[in-house]
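Input: a single structure, listed below in structure tokens.
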Number of protein chains: 2
Amino acid sequence: MDTAAPTGARARTRRAILDAALSVLAAKPAASLSDIAAAAGVGRTTIHRYFPERSDLLAAIGSYLLERIDLATARARPDDGTGAEALERVCQEYFELGDVLLFAFENNQATEWVDWESESESDRILGRLIQRGHADGTIDPRLPPAWVAELMWSMLYAAWQHTRQNQVPKHTSLSLCLHTLRKAIAAGC
Amino acid sequence: MDTAAPTGARARTRRAILDAALSVLAAKPAASLSDIAAAAGVGRTTIHRYFPERSDLLAAIGSYLLERIDLATARARPDDGTGAEALERVCQEYFELGDVLLFAFENNQATEWVDWESESESDRILGRLIQRGHADGTIDPRLPPAWVAELMWSMLYAAWQHTRQNQVPKHTSLSLCLHTLRKAIAAGC
DNA sequence: TTTCTCCGGAACATCAGTGTTCCATTTCTC
DNA sequence: GAGAAATGGAACACTGATGTTCCGGAGAAA
């Protein structure tokens with residue numbers, strides 16, 4: 001079994017495992033490898049072939065989360081327009097992450113699986129665009145970048161909770177989230 | 001062993017177990033009864049004397065959370081002043097809950113331990129004061145009560161995260177939280 | 001001082017999950 | 001079509017946690 005990045009069928013199997021793991025663990029952090037295998041439609045032995053131990057799978061999930069977040073950040077074109085406009089686009093793209101978002105938010109221990117002590121690329125990009133917002137007057141300079149980032153993440157979570165707990169359509173929750181975020185970060189008001 | 005509400009030393013022991021359980025499980029949801037016992041300074045057998053099975057302890061934690069939240073809601077005097085003023089006081093009291101807040105937020109499965117399907121008293125009070133805010137013009141009527149409640153909870157969590165992750169003093173985080181909540185819910189702006 | 005209650009540590013049985021090995025089957029590639 | 005690679009289910013050993021029982025000690029109460 002070579003350790004090169006898998007291709008074709010092997011890549012699809014690996015991806016299916018990671019997607020299933022995200023969903024299952026988001027709903028039930030203590031879910032077993034058997035639970036994940038069943039959700040992925042593979043055998044438990046197969047899980048072990050791709051990820052020798054449970055900790056290896058968790059680490060891979062962590063990396064997968066960061067990868068998905070980085071891709072969403074790129075799709076948001078963070079360097080275009082004002083800081084506030086860019087932040088709203090990032091917010092929209094992150095909202096579409098669904099399980100990734102919920103997982104990253106609810107599972108604090110995910111930070112122990114990958115080295116999240118060091119900032120991710122998305123963190124840096126987010127920090128810069130908030131500072132750009134301070135400079136162009138679209139984001140309240142009294143709000144530190146770290147707080148604005150934390151705020152956005154938590155409002156995204158609130159939006160998803162609003163959808164799940166209160167049976168509200170996704171787009172309504174996103175609209176409320178964007179509307180409220182806009183007001184929360186606005187300068188001069 | 002009678003099942004009457006414990007008093008004196010027994011009540012203190014029970015309380016110590018619940019407080020330790022909250023802290024330990026907030027940081028590590030899969031923590032064992034041994035972990036909790038160690039943190040509470042009691043023997044594991046003692047845990048079993050107060051809570052026959054792990055599920056009994058979890059249920060007691062759930063009730064304890066609700067109790068703490070209800071007390072914090074009462075302390076906030078929700079019927080005084082405008083809706084927005086009352087909401088800010090509730091926010092401040094909830095912030096002081098610390099571990100209770102973090103636990104309730106990060107552990108979705110806590111909702112499975114007590115019957116959270118039916119609204120708690122605090123939920124109803126919160127809903128009423130947000131509607132009062134709509135009526136007295138201090139809370140944006142475009143924001144549904146359920147969304148405002150969800151928003152407040154998530155911003156409280158963001159504030160605590162800001163303190164933990166970014167080494168910011170508690171009072172600074174609370175100030176940012178209240179400042180941002182005020183802007184987010186304001187009508188006409 | 002005696003009795004009673006509570007407690008904690010040790011020991012034990014049980015169980016669920018993990019990691020590993022094996023082998024037959026299926027799928028994929030040439 | 002053949003061979004290689006991948007897969008899945010079964011079986012097994014191991015581990016950690018839980019629930020239970022027991023007993024001696026400490027502290028409180030009578």
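Throughout, protein chains are lettered first and strands after them, A, B, ... in sequence-line order, and every chain is numbered starting at 1.
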Whole-Å distance, A/Ile36 CD1 to C/dT18 C1', equals 12 Å
Checklist entry - Is the distance from OP1 or OP2 of C/dC7 to the nearest side-chain N or O of B/Thr13 less than 4.0 Å? => result yes
Would you say A/Asp56 and A/Tyr50 make side-chain contact, with heavy atoms under 4.5 Å?
no
**Request:** Answer whether the closest heavy-atom distance between the side chains of B/Leu57 and B/Leu18 falls below 4.5 Å.
**Result:** yes
| field | Cation-aromatic face contact B/Arg14/B/Phe51, 6.0 Å, 45 degrees | value | no
Within a strict 4.5 Å, meaning less than it, do heavy atoms of the A/Thr172 and A/His162 side chains meet? no
Between A/Ala30 and A/His48, the residue closer to the 5' end of DNA chain C by nearest nucleotide is A/Ala30
Review point. Do the side chains of B/Glu96 and B/Gln92 get nearer than 4.5 Å, heavy atoms only?
Key: no
Rounded to whole Å, the CZ-P distance (A/Arg12 to C/dC28) equals 8 Å
Below 3.5 Å between N/O atoms, which protein atoms pair up with nucleotides 9-16 of chain D? Just atom names and distances, please.
unit_1	atom_1	unit_2	atom_2	d
D/dG9	N7	A/Thr45	OG1	3.2
D/dG9	O6	A/Thr45	OG1	3.0

Counting just side-chain N and O atoms, does B/Tyr50 come under 4.0 Å of either OP1 or OP2 of C/dC6?
-> no
So A/Met155 and A/Leu151, do their side chains get closer than 4.5 Å, heavy atoms only? yes
From CZ of B/Arg54 across to P of C/dA16 the rounded distance in Å is 15 Å
Taken to the nearest whole Å, CD1/A/Ile47 to C1'/C/dT20 is 15 Å
Rounded to whole Å, CZ of A/Arg10 lies from C1' of D/dT7 at a distance of 11 Å
The reported gap from NE2 in B/His48 to CZ in B/Arg54 (rounded to nearest 0.5 angstrom) is 10.0 Å
Among the nucleotides D/dG8, C/dT18, D/dG19, whichever has the atom closest to the side chain of A/Thr46 is D/dG8
B/Leu33 CG to C/dG9 P, in whole Å, measures 15 Å
Taken to the nearest whole Å, CD1/B/Ile17 to C1'/C/dC6 is 12 Å
Rounded to whole Å, CD of B/Glu53 lies from P of C/dT14 at a distance of 17 Å
